[in-house]
Protein chains: 2
Amino acid sequence: MRQGLTKQQIIKQAAQQIEETGLHNLTLAALAQRLHIKTPSLYNHINNLTDLRNGLSCYGLSMLTEKLIQSALGKSQDDALFAIAGTYIAFAKEHPNLYDAIIHVPDPTDPDLHQIAERLLNFLFKILEGYPLSEEDRVHAVRGLRSIVHGFASLQLHQGFNMKNDQDESLKWILSAYLAGLKLNLSNKS
Amino acid sequence: MRQGLTKQQIIKQAAQQIEETGLHNLTLAALAQRLHIKTPSLYNHINNLTDLRNGLSCYGLSMLTEKLIQSALGKSQDDALFAIAGTYIAFAKEHPNLYDAIIHVPDPTDPDLHQIAERLLNFLFKILEGYPLSEEDRVHAVRGLRSIVHGFASLQLHQGFNMKNDQDESLKWILSAYLAGLKLNLSNKS
DNA sequence: TTAAAATACTAATAAAATTAGTTTTGCGGA
DNA sequence: TCCGCAAAACTAATTTTATTAGTATTTTAA
């Protein structure tokens with residue numbers, strides 16, 4: 001049987017697969033079965049397992065990026081950043097293994113990935129243009145934002161937090177503190 | 001040949017191994033060769049590969065915890081926190097794959113691990129006692145601290161930052177902003 | 001319509017974790 | 001000192017992987 005199978009479809013199925021089995025339990029055998037082909041036939045579309053994992057990273061990151069951009073539409077400043085952070089955490093919670101794939105990229109120098117990452121970075125920079133930061137400070141500020149939101153997501157996914165207190169509230173609290181300090185910082189500098 | 005082989009020694013060798021090959025490329029064959037025994041002999045000391053990985057997580061986390069505690073000796077408040085953050089990032093940079101093992105725990109409910117994690121958490125809470133925070137806010141504050149420092153380390157390790165600007169400086173900048181906001185927050189509350 | 005490219009297949013290989021069963025070694029009690 | 005037992009090593013075998021080679025079939029394009 002011959003189906004109009006594309007690499008994108010394979011990656012999409014792989015994304016579903018890893019949410020069932022975990023990222024590091026992704027096997028070509030199981031993926032092939034899901035696609036109703038034999039294992040070696042996969043090699044007509046992908047180079048190897050590493051290549052597939054790379055594809056997963058790109059797929060996940062571009063999906064996340066679009067959601068983040070959508071969630072900030074019509075918002076600015078703190079409003080936008082709270083929305084972005086919330087969307088980010090929600091994505092990680094909804095697709096924990098795909099999120100893992102985004103972080104554990106087999107080849108971080110992949111050009112496709114680079115392009116998507118750039119899109120996300122430009123977006124975050126744009127949002128932070130709402131704040132009177134120097135060009136250099138804006139780089140720090142974006143890194144801080146990403147650290148907070150990724151660190152929070154990662155710890156949450158890997159059971160790093162205990163259950164005693166509300167985690168959603170923690171995120172807002174942390175972001176509030178960071179943004180407050182961020183504003184304070186620049187007035188002190190001038 | 002019979003050597004006084006212990007589980008701890010095996011874990012220690014595995015820790016060296018993963019720094020050479022990467023966490024997910026840890027194989028029992030290579031580890032056995034390094035210990036001058038045959039692969040199945042490993043099963044006299046460990047239950048399986050997952051068990052070994054769990055051991056690596058415990059080993060890494062307790063090592064990290066001790067270093068953090070050491071680095072904060074004789075310091076308090078911001079001084080202590082900057083030292084802790086610096087030591088944390090340095091550890092992650094020096095043992096990137098062991099750090100990976102700390103985060104990607106096979107079994108997060110493992111009692112041994114829980115005990116070590118508790119030790120780290122208690123330590124961080126102790127440091128934050130230097131700030132006039134409510135019990136509840138201190139939970140948020142600790143989570144924020146961990147998010148920042150882990151998120152920064154993780155992104156740095158996985159090439160998440162571009163090279164244009166100094167990353168050490170970014171960490172200080174971010175932490176400064178967070179701590180400033182943290183202090184501001186509580187004065188606003190009263 | 002025919003040549004070529006894409007896409008499927010079967011068969012085979014190498015490396016991995018794991019299990020079963022066996023031998024060796026060293027220690028503690030008689 | 002010796003004897004038994006448990007720990008710790010081994011060999012052999014199994015199952016599951018990824019991956020390659022080679023072949024057939026289907027679609028596409030000239």
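Below, read A as the first sequence line, B as the second, and so on, with proteins coming before strands; counting in each chain starts at 1.
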Which residue lies more 5' along DNA chain C, comparing B:Pro40 with A:Gly4 via nearest heavy atoms: A:Gly4

Rounded distance (Å) that lies between atom P of D:dT19 and atom CG of A:Asn48: 5 Å

Neighbours of DNA chain C within residues 11-26 of chain B, by heavy-atom distance under 4.0 Å: B:Leu26

A:Lys172 bridged to A:Asp166 by N-O distance under 4.0 Å: no

Donor-acceptor pair under 3.5 Å, A:Asn44 side chain vs C:dA8 base: yes

Under 3.5 Å: donor-acceptor pair, side chain of B:Ser71, backbone of B:Leu68: yes

Touch class at under 4.0 angstrom, heavy-atom based, for B:Ser41 against every strand present: base

Candidate nucleotides D:dA9, C:dT18, D:dA18, ranked by approach to the side chain of B:Leu5 - the nearest: D:dA9

Neighbour count above 12 (heavy atom, 6.0 Å) for A:Lys7 NZ: yes

Distance-only donor-acceptor check, side chains A:Ser170 and B:Arg143, under 3.5 Å: yes

Ring-ring centroid check A:His24 A:His104, cutoff 6.0 Å: no

B:His45 vs D:dA9: side-chain N/O to OP1/OP2 distance below 4.0 Å: yes

Nearest-neighbour nucleotide for the B:Thr39 side chain, C:dT10, D:dA18, C:dT18 considered: C:dT18

